[in-house]
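Reviewing the structure listed below.
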Amino acid sequence: MSNFSYSKNFEGIMEVFMRRGNYYQPVLEFLQNTMIENSELTKIERELIAAHVSKLNHCTFCVQAHKAIIKDLGGDQALLTSLENSVEGIQGISENLRLLLVFVEKITLNSHEISEELDISPLRNAGIKEETIEDATNVACLFNMINRLVDVFGVQGSEEHFAMVGKVVSEKGYFSK
């Protein structure tokens, strides 16, 4: 259900961004850089982080969109189904990704409690590079913001919309100039 008169027909977040293109341009560029450009995290891993953050924020629209993207990137059905579980129940992921998902959960729910000693050092000690921790942090922070935009604008989406998003993002990325 739309919360603004001008967003009543919005099916996706891109319609929010395109409504004021110049205003949201830096967000779109950050989205593309964070989710598509070079990272030690694969595109599927970044989408898993985004889906987990969205699940924690109860953003059904974003969870469905990320699931569609993961599917089109080649994620298997067991992985998609297990996203509904707690971090410990997600199937087919590395221990390092599991640690990063716990970390982004803390970013999402209790960022004021993040500390080098309790949060960053254990990730480093597990062999996760600081740049990878930063990349996971950027995904979490970005989708905490996007989840809130979706909620405030009342974006709903549809199965057809999610299928289209999965195809487009997996083939072309989130945004191109």
Side-chain angles (χ1 to χ4, degrees), residues 12-13 30-115 118-151 155-159 161-171 173-174:
I13 188 64
F30 186 59
L31 175 62
Q32 180 72 13
N33 290 337
T34 300
M35 298 303 289
I36 302 299
E37 300 304 327
N38 291 336
S39 172
E40 190 173 271
L41 295 169
T42 68
K43 291 177 185 175
I44 288 178
E45 289 171 332
R46 286 177 272 179
E47 291 295 336
L48 284 168
I49 291 168
H52 184 60
V53 166
S54 298
K55 181 182 84 165
L56 293 169
N57 286 324
H58 309 283
C59 186
T60 306
F61 171 88
C62 291
V63 170
Q64 294 305 317
H66 294 298
K67 280 181 158 183
I69 296 165
I70 292 166
K71 179 182 176 197
D72 282 0
L73 287 172
D76 66 20
Q77 190 58 46
L79 174 64
L80 293 172
T81 302
S82 69
L83 286 175
E84 301 303 319
N85 300 325
S86 65
V87 171
E88 295 77 24
I90 298 175
Q91 299 177 9
I93 64 172
S94 69
E95 187 55 33
N96 279 356
L97 181 56
R98 196 172 311 283
L99 292 171
L100 286 170
L101 289 171
V102 170
F103 176 64
V104 300
E105 189 166 316
K106 190 167 183 181
I107 290 171
T108 300
L109 302 175
N110 297 299
S111 62
H112 62 282
E113 295 176 1
I114 299 285
S115 75
L118 295 176
D119 302 296
I120 307 299
S121 278
L123 295 172
R124 273 195 224 109
N125 293 340
I128 303 172
K129 295 177 185 171
E130 286 187 345
E131 290 80 11
T132 305
I133 299 167
E134 179 182 2
D135 291 348
T137 299
N138 285 332
V139 173
C141 293
L142 176 64
F143 282 96
N144 273 297
M145 182 193 80
I146 290 174
N147 294 162
R148 282 147 180 84
L149 284 171
V150 165
D151 290 344
V155 175
Q156 296 294 310
S158 65
E159 289 304 316
H161 178 77
F162 298 131
M164 182 270 306
V165 167
K167 182 173 175 39
V168 169
V169 171
S170 68
E171 292 176 2
Y174 277 87

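All of these numbers come straight from a predicted model, not from anything done at the bench.
How far CG of Asn144 is from CD1 of Ile107: 8.5 Å, rounded to the nearest 0.5 Å. Atoms CD1 and CZ, on Ile146 and Phe61 in that order, are 10.0 Å from each other to the nearest 0.5 Å. Going from atom CG of Leu41 over to atom NZ of Lys129 covers 11.0 Å, rounded to the nearest 0.5 Å. Taking CZ of Phe30 as the start and CE of Met145 as the end, the distance is 8.5 Å to the nearest 0.5 Å. To the nearest 0.5 angstrom, Leu100 atom CG is 5.5 Å from Ile49 atom CD1.
When all heavy atoms are compared, the tightest approach of Cys62 to Val150 is SG-CG2, 3.8 Å. Residues His66 and Glu47 come closest through the heavy atom pair ND1-OE1, 2.6 Å. Shortest non-hydrogen contact noted between Leu101 and Ile93 is CD1-CD1, 3.7 Å.
Take Thr60 and apply the side chain to side chain contact (heavy atoms under 4.5 Å, CB included) test, not counting sequence neighbours, and it matches Gln64. Taking Ser54 as the reference, Asn147 meet the side-chain hydrogen bond (donor to acceptor under 3.5 Å, both in side chains) condition, with sequence neighbours excluded. Partners of Tyr174 according to the ring-ring contact (aromatic ring centres under 6.0 Å, His included) rule, which considers only residues two or more places apart in sequence or in another chain, do not exist here. Residues satisfying the side-chain hydrogen bond (donor to acceptor under 3.5 Å, both in side chains) criterion with Glu113, sequence neighbours excluded, are absent altogether. Take Ser86 and apply the side-chain hydrogen bond (donor to acceptor under 3.5 Å, both in side chains) test, not counting sequence neighbours, and it matches Glu88. Evaluation of the side-chain hydrogen bond (donor to acceptor under 3.5 Å, both in side chains) rule for Glu130 yields Arg124 as partners, not counting sequence neighbours.
Between the Ser82 side chain and the Gln91 main chain, a donor and an acceptor come within less than 3.5 Å of each other.
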Indicate every side-chain donor-acceptor pair of residues 67-80 with a distance under 3.5 Å to a residue at least two apart or in another chain.
| residue | atom | partner | partner atom | Å |
| --- | --- | --- | --- | --- |
| Lys67 | NZ | Glu84 | OE2 | 2.5 |
| Asp72 | OD2 | Lys167 | N | 2.7 |
| Asp76 | OD1 | Ala78 | N | 3.4 |
| Asp76 | OD1 | Leu79 | N | 2.8 |
| Gln77 | NE2 | Thr81 | OG1 | 3.3 |

Output a table of donor-acceptor pairs, distance under 3.5 Å, between side-chain atoms of residues 131-143 and any protein atom two or more places apart or on a different chain; print 'none' if there are none.
| residue | atom | partner | partner atom | Å |
| --- | --- | --- | --- | --- |
| Thr132 | OG1 | Glu40 | OE2 | 3.1 |
| Asp135 | OD2 | Ser39 | OG | 2.6 |
| Thr137 | OG1 | Ile133 | O | 2.8 |
| Asn138 | ND2 | Glu134 | O | 3.4 |

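Two residues are said to be in side-chain contact when any heavy atoms from C-beta on lie closer than 4.5 Å; Ile120 and Ser115 fail this criterion.
Applying the side chain to side chain donor-acceptor pair (under 3.5 Å) test to pairs two or more places apart or on separate chains, those with a residue in residues 94-107 are His52-Glu105, Lys106-Asp119.
Counted within 6.0 Å of CG on Asn38, heavy atoms from surrounding residues, nucleotides or ligands total 12 or fewer; the atom is thus considered open.
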